[in-house]
There are 2 protein chains.
Amino acid sequence: MTLDRRSTLADVARLAGVSLGSASRALSVPNEVKPATLAKVQQAVAQLGYVRNGAAQALASRRTRTVAAIYPTLSNPIFSVSIHKLQQTLWKYGYQLLVASHEYEPQREIDLLRAIVERGVDAIVLVGTDHSHEVYELARQYGLPYVLTWSFDDSTYPHCVGFSYYDAAYEMAKVVVESGHTRIALCNGFEVSNERARARVAGTRAALKAAGISLRRDWVTEQPFNFEGGREAVRRFMGSEDCPTVLICGTDLQAIGAIDECRIRGIRVPEDLSITGFDDIEHAAIVVPPLTTVHVPTEKIGILAAQRIVELIEGREMPAFSPLETTVVIRKSLLSIQKTSSLGRSKRASLSASG
Amino acid sequence: MTLDRRSTLADVARLAGVSLGSASRALSVPNEVKPATLAKVQQAVAQLGYVRNGAAQALASRRTRTVAAIYPTLSNPIFSVSIHKLQQTLWKYGYQLLVASHEYEPQREIDLLRAIVERGVDAIVLVGTDHSHEVYELARQYGLPYVLTWSFDDSTYPHCVGFSYYDAAYEMAKVVVESGHTRIALCNGFEVSNERARARVAGTRAALKAAGISLRRDWVTEQPFNFEGGREAVRRFMGSEDCPTVLICGTDLQAIGAIDECRIRGIRVPEDLSITGFDDIEHAAIVVPPLTTVHVPTEKIGILAAQRIVELIEGREMPAFSPLETTVVIRKSLLSIQKTSSLGRSKRASLSASG
DNA sequence: CTGAAAGCGCTAACAC
DNA sequence: GTGTTAGCGCTTTCAG
């Protein structure tokens, strides 16, 4: 029953008294064999505790039934939650997930992809639309289908499962402006190789511009997408007399770090400084004060990306994807202040804006 | 240069003017071929953009150069951080990581493992020591080396890379007792199939007992290891007049949920209820009030597990692992209260304990 | 619907 | 050191 040598399909076929080919078919296309044959094979499989050899199967069929996902990081819960959904959905369709993270290093993404291609996967899931030329080249060269996730922008690739960071940032900034703020600072991520970071500034800038406000160059900073990034932004902007009344952050992680830095330095949030986030991670509702942020379709991205990649692998045509929705979630970290005159913060009008 | 058909080692060998065998050796054992041969092969590889076929390699060599890790969940940052380290370290040694999560479902762990075995991996990393019989059986049957992580207990398997949850919980509870608490409640995880949860209660109970306190049955609850679990514990214990002065949680996630639930219900932490955590995730230092918790060697576990699994795969003998250390981190969420008489909370002594 | 047979691309003896 | 060759375990034609 438990043999020393791992038993093979040939063993199964022999025991079942059928040919190798029939045994193979019984396992992969059960409805193309006679019920009797199927039964004999299944019986033999059970008896031997037979388990397919994936490598042999992959070699012969040129399909590995695994897809790889290369993410920026696993440290942002927004990604780990999405990956979990991706994995679960893929699993349902009979695929495994190989996950790797490049920690925002373009070169590491290339290296990972190369290793993954070498290992053999049926498709890949990437985050964002801005990748090195080598990445696309590798995918093309090996005929690997891929879906791009999170970002949905004006790039022409039809398999982008995501939302518009530009629109999301625009909406967030609009809410900020409508809350009466004019002194607005932005804690963004690094814009190089990251269209999401670029879209966030662009969207923010556009919304401010529409309100007649211009985003001061010295009130924009590029910081890592983690607690420390947000802290640093606070240190940078809140030192002098001339400081913003709101800090728009690129991720909730940054925003939470910023809130904590404010607490440490005795800056009251939102009375002295409003802070907004992006992502709406579970913690966002729990920090003190709760975070005004952009809710994004984290789980949906995982699920839809999985479905799409399976369709692609199995050669079914898919219509181009339409962007998902995001919504601004208003909580306490954004203060609604009296409207100021457009030329500074001196005059106070009697109206107060609502979000 | 970029062929239609993915080029094979045979193509490389032909182009380099060497035999298939030499080409293979040039790639896998470069120092066993003449430098001139090596150079020719490398040149051909570059020219063709050759990439190994992992399936063929795996089939012929019986090694996949990938290891699988089955984790309870990716939603706890403690695990995602550790997985990241595991992955990075494995990568350095030339191995890939296949990650899956069973969400605390024993049956799902078995299913995942079966799929993973079928797919083919060189080894597996599991969390904890308490697994279904089938899990060990599968590993044994296919001769798969494995390391057990996080937990280090009295099970006899020599490759457990972890720490003693019992000792850690004991220390935490000791600190709680020394802070003057006697009315102590425990928010634990589900104990079935989870020796870590069991060790936590056992350690806590032992520490209380050593102080002459017994853990009330109705002040112990099994909850999921997430925010909601902590919230529920607060709801359950803080309804009546007869309530604890401290809630010891099994994870920081539970503790953070508990703190938030207290905030919602107007229970002051730590004045009305002290709360302690376990794990020391990054958020622990940031919540308000900052969390007293057990710091655990998250990254070390990832790194050491990776190293050990590689040694095991490559057949090197390893001495049995010695447990890692944990430390209690004292922050504001645990109130140091005046010593009460052993028979209630009526009398106040003038001493106050320190942690 | 089934059996026979030809590979999939690589590694690992084995002889030279 | 290097070339030759026999598989690794499976899928997939192709006849029948």
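Proteins get letters first, then strands, A, B, ... in listed order; numbering begins at 1 in each.
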Quiz item: Do A:Thr64 and A:Asp122 meet the criterion of a side-chain donor-acceptor pair at a distance under 3.5 Å?
Solution: yes
Exercise. Starting from P on C:dG9, measure out to CD on A:Glu118 and report it in whole angstrom.
Key: 15 Å
Exercise. Using atom CG of B:Leu27 as one end and atom P of C:dG9 as the other, report the distance to the nearest whole Å.
Key: 16 Å
Self-check item: Worked verdict on B:Arg119 versus A:Leu98 for side-chain contact (heavy atoms from CB on, under 4.5 Å)
Solution: CA-CA 12 Å; B:Arg119 208 197 165 289; A:Leu98 187 67; over 6 Å; no
Quiz item: Base, sugar-phosphate, or nothing: which does B:Thr37 touch, judged by heavy atoms less than 4.0 Å apart?
Solution: sugar-phosphate
Self-check item: Euclidean distance, atom OH of residue B:Tyr142 to atom P of D:dG9 [Å, nearest integer]
Solution: 13 Å
Exercise. For the pair B:Phe152 and B:Phe321, name the ring-plane relationship: parallel under 30°, tilted 30 to 60°, perpendicular over 60°.
Key: tilted
Exercise. Give B:Thr8 one of three labels, base, sugar-phosphate or nothing, depending on what nucleic acid heavy atoms sit under 4.0 Å from its own.
Key: sugar-phosphate
Quiz item: For A:Ser19 and C:dG3, is the shortest distance between a side-chain N/O and OP1 or OP2 below 4.0 Å?
Solution: yes
Quiz item: Nearest-Å distance, CG (B:Leu20) to P (C:dG9)?
Solution: 12 Å
Quiz item: Can you tell me if B:Gln43 and B:Gln47 form a side-chain donor-acceptor pair at under 3.5 Å?
Solution: yes
Quiz item: How would you list, by chain and number, every residue that makes a side-chain hydrogen bond (donor to acceptor under 3.5 Å, both in side chains) with A:Gln107, sequence neighbours excluded?
Solution: A:Asp111
Quiz item: Mind checking what makes salt bridge (Lys or Arg N to Asp or Glu O under 4.0 Å) contact with B:Glu299, not counting sequence neighbours?
Solution: none
Any protein N or O atoms within reach of nucleotides 13-16 of chain C? Criterion: under 3.5 Å, listing atom names and distances.
from, atom 1, to, atom 2, distance (Å)
C:dA13, N6, B:Arg25, NH1, 3.3

Quiz prompt | Name of the residue among A:Asp153, A:Leu148, A:Val147 meeting side chain to side chain contact (heavy atoms under 4.5 Å, CB included) with A:Cys160 | solution = A:Leu148
Exercise. State the CZ-CG distance between A:Arg14 and A:Asp11, to the nearest 0.5 angstrom.
Key: 5.0 Å
Exercise. Classify the angle between the aromatic ring planes of B:Tyr136 and B:Tyr146 as parallel (below 30°), tilted (30 to 60°) or perpendicular (above 60°).
Key: tilted
Quiz item: To the nearest Å, how far apart are B:Glu32 CD and D:dT2 C1'?
Solution: 12 Å
Quiz item: Tell me: CZ of A:Arg119 to P of C:dG9, nearest whole Å?
Solution: 17 Å
Quiz item: When you check the gap from the basic side-chain N to the acidic O, do A:Glu137 and A:Arg140 get nearer than 4.0 Å?
Solution: yes
Quiz item: Rounded to the Å, how far apart are A:Arg14 CZ and D:dG9 P?
Solution: 12 Å
Exercise. Just jot down the salt bridge (Lys or Arg N to Asp or Glu O under 4.0 Å) partners of A:Arg108, sequence neighbours excluded, or say none.
Key: none
Self-check item: Whole-Å gap separating C1' (D:dT4) and CG (B:Leu9)
Solution: 15 Å
Quiz item: Is the shortest side-chain N/O distance from A:Ser24 to OP1 or OP2 of D:dT11 below 4.0 Å?
Solution: yes
Exercise. Rounding to 10 degrees, work out the angle separating the end axes of the helix from C:dC1-D:dG16 to C:dC16-D:dG1 (five pairs an end).
Key: 30°
Practice problem: List in numerical order all residues of residues 50-62 of chain B for which some heavy atom is under 4.0 Å away from an atom belonging to DNA chain C. | Solution: B:Tyr50, B:Arg52, B:Asn53, B:Ala56, B:Gln57, B:Ala60, B:Ser61
Practice problem: On the 0 to 90° scale, with breaks at 30° and 60°, tag the B:Tyr104-B:Phe225 ring pair as parallel, tilted or perpendicular. | Solution: tilted
